[in-house]
Participant: 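Pasting a structure here, questions to come.
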Amino acid sequence: MRLGYACINLSIPARSNHRCLLKNASSGALRRLISQNLAGLREILEYNAARNILLFRISSNVIPFASHPVNRISWEDEFAPQLAGLGRIIAEFNMVVSMHPGQYTIINSPHPQVVRNSLAELDYHRRFLDALSGSACHKIVVHVGGLYGNKARAKQRFIEQCRDMDPGMKRRLVIENDDRLFTAADVLELSHQTGLPMVFDHLHHLAHPSGPERVAEWLLRARSTWEPSDGDYKVHYSDQDPQKKKGSHAHSIDIEKLRCFLAELPDYRVNIMLEGKDKNLSVERVMELLAMG
DNA sequence: AGGTGTCAAGTATTA
DNA sequence: TAATACTTGACACCT
């Protein structure tokens, strides 16, 4: 079982998500940011390795404006040594990394330009992960997208986009249930129709449940969508923030609630992304309590 | 040095 | 029809 966190380490000053405003995005500024971000990412992965934290989500900002025409840097060539160095760390410790594009990446949009931009953004994520490792266990996690007043048609557009997708892209994609529009049942159905594995997000499922099935049943179904080449199945886990509205991530992870969740898992060959706001702090505390350190 | 408004992009919801 | 939340930190600019 791997436990991991998203994008930011709160224990060291290193960061891999430095960016700039579009108006300041000169080639020089972008090169400096990329260099700084790759160095920061290396420090974070080394920190993780030293603590046996083998799962990490890489910030989409690691290459700023990567899918925007303002960024004309051939970063795969210019930073090939740094990227290869990151890849060696990942391989040496058998780490799994992932990426999660932002809210503007919507491949089921009825607007062709939105889809084109989204595919360009996905292609950037694919190229970044490909630069680190050829293994298909490093995934890009996406949501289904928007509803546009007709869920059946929205799903159909998602399926069509996946059908037309390059196999090199498709092997990196996984779909996750969200907290408002597409439930675990929706995503499972789309997983069967597209061949994309499913990430089960526990908090989103509680915020927007589907059907009478127990969580254990959804976990079993989600696991069944992962092929051996995809690596261990992945779930997202966090607690509800009691102060805020439904679906908001709590500050940290409650160990007793987590133990209950773990008991629902069909098996422990699993990658669990802990999405608490205190990032690696909760991961380290939980690993200590579960005697995983 | 510290405080605050702003930031590439889309969609759904509300006012 | 227009504003705003989403989720959130980092930057840019101001004092």
Side-chain angles (χ1 to χ4, degrees), chain A residues 5-41 44 57-73 99-125 140-151 153-155 157-158 161 176-183 186 201 203-204 207-208 236-241 243-252 273-282:
Chain A
Y5 61 101
C7 304
I8 292 170
N9 182 304
L10 297 179
S11 299
I12 55 176
R15 293 289 180 271
S16 58
N17 56 350
H18 296 284
R19 53 204 169 81
C20 64
L21 300 188
L22 180 58
K23 61 178 180 177
N24 299 328
S26 64
S27 288
L30 290 172
R31 279 199 182 86
R32 276 193 296 280
L33 289 166
I34 294 168
S35 175
Q36 198 179 2
N37 286 342
L38 294 178
L41 179 55
I44 293 169
R57 180 188 301 162
I58 297 170
S59 167
S60 294
N61 271 321
V62 66
I63 310 291
F65 297 107
S67 70
H68 190 286
V70 77
N71 188 334
R72 299 171 49 80
I73 295 171
M99 299 181 84
H100 195 12
Q103 60 190 319
Y104 303 110
T105 302
I106 302 165
I107 61 183
N108 80 338
S109 173
H111 307 107
Q113 192 57 53
V114 173
V115 176
R116 273 196 293 275
N117 292 344
S118 298
L119 293 176
E121 181 73 356
L122 286 184
D123 195 58
Y124 144 60
H125 286 81
I140 303 165
V141 182
V142 295
H143 293 293
V144 180
L147 285 181
Y148 312 92
N150 185 328
K151 186 183 259 192
R153 287 225 297 274
K155 283 178 171 175
R157 280 195 304 277
F158 184 89
Q161 283 304 324
E176 177 193 349
N177 56 306
D178 67 71
D179 60 356
R180 294 179 310 133
L181 308 178
F182 293 93
T183 64
D186 294 321
D201 186 300
L203 180 63
H204 289 167
H208 191 201
H236 288 179
Y237 180 88
S238 59
D239 293 319
Q240 168 67 45
D241 186 330
Q243 316 285 335
K244 296 196 183 156
K245 61 185 276 199
K246 207 160 66 166
S248 295
H249 299 301
H251 181 260
S252 73
M273 184 62 68
L274 297 181
E275 294 185 313
K277 295 205 175 83
D278 63 359
K279 304 290 178 182
N280 62 301
L281 302 178
S282 267

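When reading the values below, keep in mind they use all heavy atoms of this one structure, side chains included, and skip hydrogens, waters and symmetry mates.
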Participant: Nearest whole angstrom, please: distance from the P of B:dT13 to the NE2 of A:H208.
Facilitator: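 After rounding, the reported distance stands at 10 Å.
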Participant: Compare the minimum distances between each of B:dC7, B:dA9, C:dA10 and the side chain of A:E121, then state the nucleotide with the smallest one.
Facilitator: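 The answer is B:dA9.
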Participant: Please state whether the phosphate of C:dC11, meaning OP1 or OP2, lies under 4.0 angstrom from any side-chain nitrogen or oxygen of A:N24.
Facilitator: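 So the side-chain polar atoms of A:N24 never come under 4.0 Å of the phosphate oxygens OP1 or OP2 of C:dC11.
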Participant: Verify the contact: side-chain N or O of A:K23 to OP1 or OP2 of C:dC13, cut-off strictly under 4.0 Å; return yes or no.
Facilitator: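 The answer is yes; a side-chain N or O of A:K23 sits under 4.0 Å from OP1 or OP2.
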Participant: Taking atom P in both B:dA8 and C:dA12, compute the distance separating them and give it to the nearest angstrom.
Facilitator: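 Between the two P atoms, the distance is 10 Å.
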Participant: In terms of the nearest nucleotide of DNA chain C, which residue is placed more toward the 5' end: A:K245 or A:C20?
Facilitator: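 The 5'-side residue here is A:K245.
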Participant: Just name whichever nucleotide pairs with B:dA8, Watson-Crick or G-U, keeping both distances under 3.5 Å, else none.
Facilitator: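 The answer is none; no pair meets the criterion.
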Participant: Taking A:R57 first and then A:E275, would you say they form a salt bridge - that is, a charged N and a carboxylate O separated by under 4.0 Å?
Facilitator: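 A salt bridge links A:R57 with A:E275.
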Participant: When you compare C:dT4 with C:dT8, how far apart are their C1' atoms, in angstrom units rounded to a whole number?
Facilitator: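 Rounded to whole Å, the distance is 16 Å.
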Participant: Can you measure A:L33 atom CG to C:dA10 atom P for me and round it to whole angstrom units?
Facilitator: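 Result: 13 Å.
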Participant: Considering every strand and a 4.0 Å limit on heavy-atom distances, what is the contact class for A:N71: base, sugar-phosphate, or nothing?
Facilitator: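 Answer is nothing: A:N71 stays at 4.0 Å or more from every strand.
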Participant: Hey, is A:Y104 doing a stacking thing with B:dG10, by the 5.5 Å centroid and 30° angle criteria?
Facilitator: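 Base of B:dG10: not stacked against A:Y104.
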Participant: Find the distance A:Y5:OH to C:dT7:P and express it as a whole number of Å.
Facilitator: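 Value for this atom pair: 22 Å.
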Participant: Base, sugar-phosphate alone, or nothing: which one does A:S248 contact when heavy atoms must sit under 4.0 Å apart?
Facilitator: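 If one applies the 4.0 Å heavy-atom cut-off, A:S248 turns out to touch nothing in the nucleic acid.
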Participant: Scan A:I140, A:V62, A:I58 and name whichever one has a side-chain contact (heavy atoms from CB on, under 4.5 Å) with A:H125.
Facilitator: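 Output: one option passes, namely A:I140.
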Participant: Salt bridge (charged side-chain N to carboxylate O under 4.0 Å, His left out) between A:K246 and A:D179: does it pass, once the steps are laid out?
Facilitator: CA-CA 8 Å; A:K246 207 160 66 166; A:D179 60 356; over 6 Å; no
Participant: Taking atom P in both C:dT7 and B:dT14, compute the distance separating them and give it to the nearest angstrom.
Facilitator: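 Approximately 15 Å lies between the P atom of C:dT7 and that of B:dT14.
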Participant: Round to the nearest Å and state the distance from A:I106 atom CD1 to B:dA12 atom P.
Facilitator: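 Atom-to-atom, A:I106 to B:dA12, this comes out as 8 Å.
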Participant: Expressed as a whole number of Å, how far does the P atom of B:dC7 sit from that of C:dA3?
Facilitator: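 About 15 Å, rounded to a whole number of Å.
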Participant: Measure from the side chain of A:L181, starting at C-beta and using heavy atoms only, and say which of C:dC11, B:dA12, B:dA8 lies closest.
Facilitator: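 Minimum distance to the A:L181 side chain belongs to B:dA12.
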Participant: Side-chain contact, heavy-atom cut-off 4.5 Å: A:M99 with A:V141?
Facilitator: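 SC-SC contact between A:M99 and A:V141 ruled out.
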Participant: Is the closest side-chain heavy-atom distance between A:S60 and A:N17 below 4.5 Å?
Facilitator: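 No, their side chains stay 4.5 Å or more apart.
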Participant: Expressed in angstrom and rounded to an integer, what is the separation of A:K244 atom NZ from C:dT7 atom P?
Facilitator: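 Taking NZ of A:K244 and P of C:dT7, I get 10 Å after rounding.
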Participant: How many Å lie between CZ on A:F65 and P on C:dA10, as a whole number?
Facilitator: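 Taking CZ of A:F65 and P of C:dA10, I get 16 Å after rounding.
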Participant: Hunt down the Watson-Crick or G-U wobble partner of C:dT8, both distances under 3.5 Å, from any strand shown, or write none.
Facilitator: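 Base-paired to nothing in any strand shown.
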Participant: At under 4.0 Å, does any side-chain N or O of A:Y148 touch on OP1 or OP2 of B:dT11?
Facilitator: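 So the side-chain polar atoms of A:Y148 do come within 4.0 Å of the phosphate oxygens OP1 or OP2 of B:dT11, strictly under.
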Participant: Does A:R15 place a side-chain N or O at less than 4.0 Å from the phosphate oxygens OP1/OP2 of C:dA10?
Facilitator: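 So the side-chain polar atoms of A:R15 do come within 4.0 Å of the phosphate oxygens OP1 or OP2 of C:dA10, strictly under.
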Participant: Closer than 4.0 Å, any side-chain N/O of A:H111 to the OP1 or OP2 of B:dA9?
Facilitator: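 No, outside the criterion.
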Participant: Is there side-chain contact between A:Q240 and A:L203, with at least one heavy-atom pair below 4.5 Å?
Facilitator: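 A:Q240 vs A:L203: side chains touch.
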Participant: B:dA8 C1' sits how many Å from A:Q103 CD, rounded?
Facilitator: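 Answer to the nearest Å: 11 Å.
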Participant: If you compare every side-chain N and O of A:S109 against the phosphate oxygens of B:dT11 (OP1, OP2), does one of them come in below 4.0 Å?
Facilitator: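 So the side chain of A:S109 is within the cut-off, an N or O lying under 4.0 Å from OP1 or OP2 of B:dT11.
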Participant: For A:N117 and B:dT11, give me the distance from atom CG to atom P, rounded to whole Å.
Facilitator: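 Atom CG in A:N117 sits about 11 Å away from atom P in B:dT11.
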